[in-house]
Amino acid sequence: MTRIPVVSRGQMLMGQAARAAWAFPIVGVVVGAAGGLVFLGANHLGIGLAGATLLAISVQVLITGALHEDGLADTADGFGGGRDREQKLAIMRDSRIGTYGVVALMLAFGLRFSAINELANSLISTSDEYDQTVSNTSAVAVTLIAAGALSRVAMAAVWYLLPPARSDGLALSCGKIPLASVIAAGLVSSLVTFGLLDGESWGVTIAAVAVAAFFMYALAKRQIGGHTGDVLGATQQIAEIAALLAISAVTVAI
């Protein structure tokens, strides 16, 4: 899930990753908090909201090693360029990036930047006092944490609902995710985000992430009949964008 060393290479056993899915939202909290802290620090130093937003996204990419972005690009290339299931899977395994992947990444980064920046501008514009400004920019960090947690529950849900698309590969080696892990991930993320977001934002964001997860489930099932590691990475990206846009839309509307 990240480049942070926790388990030494070679010690992960079959099924451990699947059983650990309950902790996916906790990983999202860590990644989101890191981005939020960088945003707060950059804004405090006077870098500006746009620069702070880009730095926040950058540190998140560094922590995850762009694993999810790579999955999004590979999925876009495979689903967009493959004629049949076998070719789609072959393209997704190819490390080279194609036009569909480039476009997908451009849109993904653009939407993430726009949602965070719009949210920050909306919050700051309603503030006249310095202390209130600090509080409002902190809300951006809260948003990144919530989006990080909820988007990784979407990964667990799609993983559970779809079988592995290949007879080999990372998705198969990680094992079948238990339903209990999915439920636990959902409860953890719900508790975390309910404490961070107000009632309206929480409900709208949960709904947006659920729609994103269902979209990726239906798309992957139609395209390749199952999931791969790339599909799960793409699910995280789409769900995170959905969460950020939902929170931004509700906040701006208020």
Side-chain angles (χ1 to χ4, degrees), residues 1-2 17-32 35 60-61 63-64 66-76 79 104-105 107-109 111-112 115-116 143-165 170-171 174 176-194 196-197 201-224 226-250:
M1 298 289 286
T2 72
R19 292 193 299 273
W22 67 268
F24 283 6
I26 299 175
V27 176
V29 169
V30 172
V31 176
Q60 290 182 313
V61 173
I63 291 175
T64 61
L67 293 173
H68 307 314
E69 287 81 2
D70 178 69
L72 175 65
D74 287 343
T75 300
F79 289 4
L105 287 177
L107 292 174
F109 279 115
L111 288 169
R112 287 165 69 184
I116 298 168
T143 297
L144 292 174
I145 292 172
L150 290 172
S151 63
R152 284 161 177 82
V153 178
M155 290 179 65
V158 172
W159 186 350
Y160 172 76
L161 291 171
L162 290 174
L170 180 63
C174 286
K176 171 67 175 178
I177 186 170
L179 178 59
S181 294
V182 180
I183 294 174
L187 290 175
V188 169
S189 66
S190 295
L191 290 174
V192 169
T193 55
F194 186 76
L196 295 175
L197 304 174
S201 295
W202 184 77
V204 172
T205 305
I206 292 288
V209 170
V211 170
F214 178 78
F215 167 77
M216 286 304 302
Y217 157 77
L219 182 64
K221 184 177 182 180
R222 177 182 177 86
Q223 294 284 331
I224 58 175
H227 77 269
T228 66
D230 288 331
V231 167
L232 298 182
T235 299
Q236 187 280 324
Q237 288 286 286
I238 299 299
E240 182 172 26
I241 291 169
L244 292 173
L245 290 174
I247 296 172
S248 177
V250 172

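Side chains included, hydrogens not; waters and symmetry mates left out as well; all remaining heavy atoms used. Computed from a predicted structure; not experimentally measured.
- Judged purely by atom type and a 3.5 angstrom limit, His68 has no side-chain atom pairing as donor or acceptor with the backbone of Gln237.
- Heavy-atom minimum distance, Trp22 versus Ala184: CB-CB, 3.6 Å.
- Counting heavy atoms of neighbouring residues, nucleotides and ligands inside a 6.0 Å radius, atom CZ of Phe215 does not exceed 12 of them.
- A donor-acceptor pair under 3.5 Å is absent between the side-chain atoms of Ser189 and the main chain of Leu150, judged by distance alone.
- Two residues are said to be in side-chain contact when any heavy atoms from C-beta on lie closer than 4.5 Å; Thr205 and Leu197 meet this criterion.
- Taking the side chain as every heavy atom from C-beta outward, Met1 and Leu67 never approach each other to under 4.5 Å.
- More than 12 heavy atoms of other residues, nucleotides or ligands shown are found within 6.0 angstrom of CZ on Phe79.
- A pairwise comparison of heavy atoms in Glu69 and Phe109 identifies CG-CZ, 3.8 Å as the closest pair.
- What you find for Trp159 and Ile177 is that their closest heavy atoms are C-CG2, 3.7 Å.
- The distance from the CD1 atom of Ile238 to the CG atom of Leu72 is 5.5 Å, given to the nearest 0.5 Å.
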Run Val231 and Asp74 through side chain to side chain contact (heavy atoms under 4.5 Å, CB included) and show every step you take. CA-CA 8 Å; Val231 167; Asp74 287 343; over 6 Å; no
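- Between Leu144 and Gln60 the shortest side-chain heavy-atom distance falls below 4.5 Å.
- With 3.5 Å as the limit, one finds a donor-acceptor pair spanning the side chains of Trp202 and Thr193.
- Across all their heavy atoms, Ala146 and Ile247 have their closest contact at CB-CD1, 4.4 Å.
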Test Ile224 against Thr228 for side chain to side chain contact (heavy atoms under 4.5 Å, CB included), laying out the working first. CA-CA 9 Å; Ile224 58 175; Thr228 66; 4.0 Å; yes
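- With values rounded to the nearest 0.5 angstrom, Ile183 atom CD1 is found 4.0 Å from Leu179 atom CG.
- Note that CG of Leu187 and CZ of Phe194 are 13.5 Å apart. Values are rounded to the nearest 0.5 Å.
- Judged purely by atom type and a 3.5 angstrom limit, Lys221 has no side-chain atom pairing as donor or acceptor with the backbone of Leu162.
- By the side-chain hydrogen bond (donor to acceptor under 3.5 Å, both in side chains) test, Ser151 is found to be paired with Gln236, residues two or more places apart in sequence or in another chain being considered.
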Any chance you could lay out the side chain to side chain contact (heavy atoms under 4.5 Å, CB included) test for Leu232 and Met216, step after step, and finish with the verdict? CA-CA 9 Å; Leu232 298 182; Met216 286 304 302; over 6 Å; no
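- Closest of all the heavy-atom pairs between Val250 and Ser201 is CG1-OG, 3.5 Å.
- The minimum heavy-atom distance between Ala234 and Thr75, with the atom names listed, is CB-OG1, 3.8 Å.
- Side-chain contact check for Ile116 versus Thr143: every heavy-atom pair is 4.5 Å or farther apart.
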Quick one, Leu196 with Ile145, criterion side chain to side chain contact (heavy atoms under 4.5 Å, CB included). Give me CA distance, side-chain angles, the key distance, then yes/no. CA-CA 9 Å; Leu196 295 175; Ile145 292 172; 3.6 Å; yes
